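In what follows, every heavy atom counts, from backbone to side chain, and hydrogens, waters and symmetry copies are set aside. Start at 1 and go down the list; that is how both ligands and their atoms are numbered. For this chain, numbers begin at 1 and follow the sequence in order. Remember, predicted model here, so these are calculated numbers, not experimental data.
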Amino acid sequence: VAKDNGGSGYRFFTEEMNRKALHRMKMESSLRKALDRNELMLYYQPLVNEDNRILGMEALLRWRHPELGLILPDDFIRITEETGIIVPVGRWVLQTACVQTKRWHDMGYSDLFVAVNLSARQIQESDFEQMVIDIIEESGLPPRYLKLEVTESSVIQNPEVCIAKMKTLRARGITFSIDDFGTGYSSLSYLKRFPIDALKIDRSFISDAMNSKGDQEIIKTIIAMARNLKIDAVAEGVETEAQKNFLASYGCNSMQGFLFAHPVPVDQFMNLLNRQQQRLASPEED
Ligand code: C2E
Ligand code: MG
Ligand code: MG
Ligand code: MG
């Protein structure tokens, strides 16, 4: 703070701090009530193969704030993690996603999987594995249709404990993906110790891939790593045909992105499924 500000710089600084602290406190207290007030909802975004066929969907959390409107996770997940609110919220997400997916199975879409994001804080809970097992059993969804997404940073803090918990769930048929892959520092030998089934290539590499040889090399390397580990490579944030063709040409055949569909609420996801069903029933109209 410069002296010739006559102190005003300092005052401005504290006011800014107060404003931020106040905003955070308000967010925190309304987040605590959000679950009970039914303000949280899940959007679903399809994951497709190279023929645009829906293989499953990722459940993505949304907060319908009574005054602020629809809030995206990047603006509130951090607070839920720091306060521990993510524990009940994450449980709700998992339960809602499993129940909804079972509903779609019962309607005839019986091979859809659902991907659910996890925070480190949830995995650290001592009853984490039991919580997941209880929820999946109650939902009636066969466990092999649940994919849990973790990030490198969330499993790296306490690898031995995470590996043990992941193995317990994997023994039940639940699978694991590493989300936002490529933004952390995992080596192939390190990764090999984790019981994972897929690497989700971070969106940042996909979005610049057509202009950046460097990003293309990273994508190719990740796809090769996945092949080496005998697991899937999944691309997120696919927005153009060029990106899709590039990925498909290197053998990445599970993709997610605005090119195929945005994340949408349940009824609109249902429309996507129905439309695909009609297309498959009358392929000549393609
Ligand atoms: P993520 O798990 O990597 O999810 C993918 C994000 O990329 C989603 O953002 C999705 O809307 C966005 N996306 C998908 N395709 C495209 C595309 O083609 N272009 C662009 N620009 N974006 C695309 P969203 O829904 O805002 O979620 C952001 C992050 O918040 C997620 O990233 C995930 O880390 C976290 N998150 C979302 N739901 C949950 C949840 O239930 N629990 C936890 N712990 N985290 C969640
Ligand atoms: Mg994810
Ligand atoms: Mg991701
Ligand atoms: Mg992400």
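Near Asp180, the atoms of ligand 1 lying under 4.0 angstrom from a non-hydrogen atom of the residue are 3 (O). Close approach of ligand 1 to Glu239 is summarised as follows: ligand atoms under 4.0 Å from at least one heavy atom of the residue are 17 (C), 18 (O), 19 (N), 20 (C), 21 (N). Every atom of ligand 1 with a heavy atom of Ile77 under 4.0 Å away is listed here by number and element: 43 (C), 45 (N), 46 (C). Near Ser119, with a cut-off below 4.0 Å to any heavy atom, the atoms of ligand 1 are 44 (N).
Under a cut-off of 6.0 angstrom, the local environment of CZ in Arg78 is sparse, with at most 12 non-hydrogen atoms contributed by other residues, nucleotides or ligands. Within a 6.0 Å sphere centred on OH of Tyr250, other residues, nucleotides and ligands contribute 12 heavy atoms or fewer. More than 12 heavy atoms of other residues, nucleotides or ligands lie within 6.0 Å of CE in Met41, so this atom counts as buried by the packing criterion. With a 6.0 Å radius and a threshold of 12 heavy atoms from other residues, nucleotides or ligands, Arg62 has its CZ atom above the threshold.
Here Asp202 fails the criterion, with no N, O or S atom under 2.8 Å of the Mg ion (ligand 3).
The closest approach between any non-hydrogen atom of Arg62 and ligand 1 is below 4.0 Å. Taking a 4.0 Å cut-off on heavy atoms, Gly90 fails to register as neighbouring ligand 1.
Looking at Thr80, Ile206, Leu61, Asp74 and measuring to atom 29 (C) of ligand 1, the nearest heavy atom belongs to Asp74. One option in Arg203, Glu149, Glu58 has a heavy atom closer to atom 12 (C) of ligand 1 than any other, and that option is Arg203.
Between Arg170 and Asp197, at least one side-chain nitrogen of the basic residue sits less than 4.0 Å from a carboxylate oxygen of the acidic one, meeting the salt-bridge criterion. With salt bridges taken as basic N to acidic carboxylate O contacts below 4.0 Å, one links Glu82 and Arg24.
Relative orientation of the His105 and Tyr145 rings is perpendicular, given thresholds of 30° and 60° on the angle between their planes.
For a threshold of 3.5 Å applied to N or O pairs, the pair formed by Gln256 and ligand 1 contains no separation below that value. For ligand 1, the polar-atom distance check against Phe258 finds a nitrogen or oxygen pair separated by under 3.5 Å.
Just one residue in the list Val93, Leu118, Thr80 forms a side-chain contact (heavy atoms from CB on, under 4.5 Å) with Ile86, and that residue is Thr80.
Here Asp179 contributes OD1 and Asp180 contributes OD1, and at the Mg ion (ligand 3) these two atoms make an angle of 90°, given to 10°. Angle OE2(Glu58) to the Mg ion (ligand 2) to OE1(Glu149): 90° [nearest 10 degrees].
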Could you go through the side chain to side chain donor-acceptor pair (under 3.5 Å) check for Gln256 and Gln45 one step at a time?
-> CA-CA 7 Å; Gln256 178 180 358; Gln45 186 180 32; 2.8 Å; yes
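Residue contacts with ligand 1, taken as heavy atom pairs separated by less than 4.0 Å, involve Val93 solely via side-chain atoms from C-beta onward.
Nearest to the Mg ion (ligand 3), among the N, O or S atoms that Glu236 has, is OE1.
Considering only heavy atoms from C-beta on, Ile219 comes within 4.5 Å of Ile206 through its side chain.
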